[in-house]
**Student:** 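Right, I'll just put the structure down here and ask away after.
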Amino acid sequence: MIAVLGVIGGVQLDLGVWWGALSVLGGALLAMWDARPALALLALAGAAAGFGSAHVVTSRPDPLRPWLGAQVTLDGQWDGQFLTLSDPRARVAVAPRPLARPGHIRVSGRLIAPEGRRTPGGFDQAAWLRAQGGVFLPTPTAVLVGARLRQSGREGGVRGWFRQGLTAGLGPREAALMQAVELGDRSDIGREDFAEGYAVRDAFNRAGLAHLMALSGQNVALITGVLVWLLAWRGAPPGWRYGLPAALLLGYLWLVGLSPSITRAVIMGFVVLIALAVGRGRVDPTGLTALAALVCVLLFPLWLLDIGFQLSFLAVLALTLAGRAADRLPATWPHGLRAALSATVLAELATLPVIAGTFGQLPLVGLPANLLAAPIMAVLVPAGFVAGLLGPAAAPLNLLNGVLADALLWVARTAGQFPVLPWGTVSPAGMIAYAVSALAGVLWLLGRVRLPAVLGTVLVCALMTALPARLHPPRDIVFLDVGQGDGTLIRVPGLTILVDAGGSVGSDYDVGGKAVVPALRALGVRTLDVAVATHADTDHIEGLASVLRAVPVGELWIGQRKVGDPVLDAVLAAARERRVPVREVRRGDRVSASDATLTVLWPPGNVWSTADNDNSVAIKLESRGWSTAILGDLPDPAEDMIGLGHLDLLKTAHHGSRFSTGAAFLVQTTPKDAVISVGRNTYGHPNPDVLNRLAAAGVKVWRTDQMGTITWPIP
């Protein structure tokens, strides 16, 4: 453990995280506390090794840099997640993922640099890709966007045979689940839905069962456990009984590919099996965990930033206390039940801050859902592995596997319909409060403190983290970076409004579900008083359907109830599904709270234009002498007719289109600042003439394509 702390600190120092020195110091202090000061040198040696390992990865030149921004056609090996090139030696992410089995493919598109986190709670693609490289494995440095599959070959070899066995005779949903459970390949299951707006993967997340589709110690334990039992039943000596499964584990790792959780599990399982094979008996679980962490971080130093790595090691560390926790439960309960309850609860508690902070929600039915899923997985995982070995001949066995897969899907679908606990970003203060509470719980399990002291500590920590938000609620406007689209959140005490939620024209990417909903959760938005659909344009309102399904909304505002528009119809259908009242607003409608007033200035409602932009809902927000306006795609001269008056902040209409934000309008409103919500586009937004007009009027411009999400305080 001393060396592990040193290595972690060294990696952090290479990444410029100054408090990595505290990890090194912690290792040295642990050696002192253990009365072995000489081992403090081990922490320093670990720091040097970690720093060197990380430096090898972070300083490696990018072989694809000369081609960034270019249209290219690439040939390489597709593994279901990345395209590996031989010349230059590099790996590339592909979006959208090609519908091709792993193997050799040819794909064309435009190479771009990966983006960082653009919205609160959003996906940091650049950081995630950096974490996928290792000392001997190239880091994916580019993304091929607008990818079009030109050529693909049929997957062959052992992997192709194994996949055929997993899917033989199964329906699409069951086959997708088997590939996720056995191979960790979630590409197919990610395209499966239980119903409109209810994805299979979302159901697993809401049910607290997402870990079942991430290969981990459960797969290793179940597969090797069955194999060891069969060898013992056949009377194999210990060398064969444990040595053969240990060797097969290495083959299994090659089959499924490297990932933090399965690599950790294979290392630990391999060491345990070898120890049993040579008669060394049980291995110390803490030391074994430290060994696995040491190997993983030295070979893949940036896995330290990977959520899969964090969840895997937090869960396994918690499981080392499962025996003590089981002893705290009533002795009259069956031992199996006590063990299952202890392991599940401890794993959920240990991973709580990472799950809450990353996914913005906590499942409330995770415990019963996992207890129901556990016996299904106990049969499904080894049976699925046998099916993979049988290849195309596995169809008879898959009659059983199909039933088990359906049962697991039923558990996820049913449990996923229960409410979840929304959660915002976990702050450093929240992490400290959690750490103090966790330490109190561990000391109770070790018999060092009494239960009332633990409960008191948890209560005090919870109050200390909950009070600041209650005493100082947010008062701001958040211009979400939804790409080429609009999404604006208004927050004052007693009133939370979302105006539009982006959309993706000509794509199946769900901006609302993948960007806006995570942002709302990260910002701590549990409910919306009002959601506004400004007009029937995809890039403004398509995402509202997912928002309405994911977040309780008090009222949906629309302007023109355009008949036969598929995007608006989908939003209205989601409102009906969630029983959200729909209000057709008109000029003069308003709502007020906490010295802030939101007034609708357009549409007048008497005449509708044939152009959707002309019918945009335009609103003005006023607070303590300060004002701003959100105009949708309202064009000039309509924006001159609504009588905005002076504005301190202007949200420019139509993403900076040349048809809006005219010179006369700027003379009328005299804003000091303007926000342009815009993304990568082929429309020429923002138009140079608009930028010149704003500059001539002395207006400072803030753009979401350059700055990401923009937060503006409301007085």
Side-chain angles (χ1 to χ4, degrees), residues 121 173-174 176-177 180-181 186 189-190 192-214 218 307 311 315 337 340-378 380 404-426 462 466 510 512-514 516-528 531 544-554 573-580:
R173 189 179 296 167
E174 292 77 10
L177 180 65
V181 169
R186 298 183 288 275
I189 200 69
E192 293 293 327
D193 296 322
F194 284 126
E196 177 68 28
Y198 188 31
V200 171
R201 287 188 66 173
D202 288 342
F204 273 83
N205 290 335
R206 291 174 61 89
L209 299 174
H211 62 95
L212 300 183
M213 295 191 293
Q218 177 176 241
I307 183 176
L311 292 175
L337 177 61
L341 283 173
S342 301
T344 303
V345 171
L346 284 174
E348 290 187 357
L349 290 176
T351 56
L352 185 148
V354 178
I355 290 176
T358 303
F359 300 108
Q361 61 183 17
L362 287 175
L364 296 178
V365 294
L367 178 59
N370 274 279
L371 291 176
L372 286 173
I376 300 173
M377 290 292 289
L380 181 63
L404 294 171
D406 283 333
L408 185 60
L409 288 165
W410 177 85
V411 172
R413 180 173 188 169
T414 304
Q417 292 174 337
F418 283 81
V420 295
L421 180 63
W423 208 280
T425 301
V426 180
D510 182 6
K514 299 293 179 59
V516 178
V517 170
L520 295 177
R521 289 171 177 161
L523 292 167
V525 176
R526 291 174 171 79
T527 61
L528 292 169
L544 281 174
S546 293
V547 172
L548 288 165
R549 290 189 174 99
V551 181
V553 177
R576 285 193 301 271
E577 179 185 323
R578 296 298 179 180
R579 299 181 181 178
V580 176

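For this chain, numbers begin at 1 and follow the sequence in order. Side chains included, hydrogens not; waters and symmetry mates left out as well; all remaining heavy atoms used.
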**Student:** I'd like to check Trp423 versus Thr358 (side-chain heavy atoms, cut-off strictly below 4.5 Å). Are they in contact?
**Tutor:** no

**Student:** Considering only residues two or more places apart or on different chains, which pairs with a residue in residues 519-528 satisfy side chain to side chain donor-acceptor pair (under 3.5 Å)?
**Tutor:** Gln361-Arg521

**Student:** Is any side-chain heavy atom of Leu528 closer than 4.5 Å to a side-chain heavy atom of Val547?
**Tutor:** yes

**Student:** Give the intermediate values and the outcome of side-chain hydrogen bond (donor to acceptor under 3.5 Å, both in side chains) for residues Thr344 and Asn370.
**Tutor:** CA-CA 7 Å; Thr344 303; Asn370 274 279; 5.8 Å; no

**Student:** Any side-chain heavy-atom pair from Glu348 and Leu362 closer than 4.5 angstrom?
**Tutor:**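 Glu348 vs Leu362: side chains apart.
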
**Student:** Kindly say whether Asp193 contributes a backbone atom to a donor-acceptor pair with the side chain of Arg173 at under 3.5 angstrom?
**Tutor:** yes

**Student:** Does Thr351 have any side-chain contact (heavy atoms from CB on, under 4.5 Å) partners at least two apart in sequence or in another chain, and if so, which?
**Tutor:**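 Per chain and number, Thr351 pairs via side-chain contact (heavy atoms from CB on, under 4.5 Å) with Leu311, Leu314, Ala315, Ile355.
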
**Student:** Looking only at atom types and distance, does a side-chain atom of Arg578 sit under 3.5 Å from a main-chain N or O of Pro552, one as donor and one as acceptor?
**Tutor:** no

**Student:** Kindly write out the residues that satisfy side-chain contact (heavy atoms from CB on, under 4.5 Å) with Ala343, not counting sequence neighbours, or none if the list is empty.
**Tutor:**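 Scan of Ala343 (side-chain contact (heavy atoms from CB on, under 4.5 Å), adjacent residues dropped) gives Leu319.
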
**Student:** Does Phe194 CZ have over 12 foreign heavy atoms under 6.0 Å away?
**Tutor:** yes

**Student:** Are any of the side-chain heavy atoms of Tyr198 and Arg549 separated by less than 4.5 Å?
**Tutor:**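 No - every pair of side-chain heavy atoms lies 4.5 Å or more apart.
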
**Student:** Nearest 0.5 Å, what's the CG-CD1 distance between Leu212 and Ile376?
**Tutor:** 9.5 Å

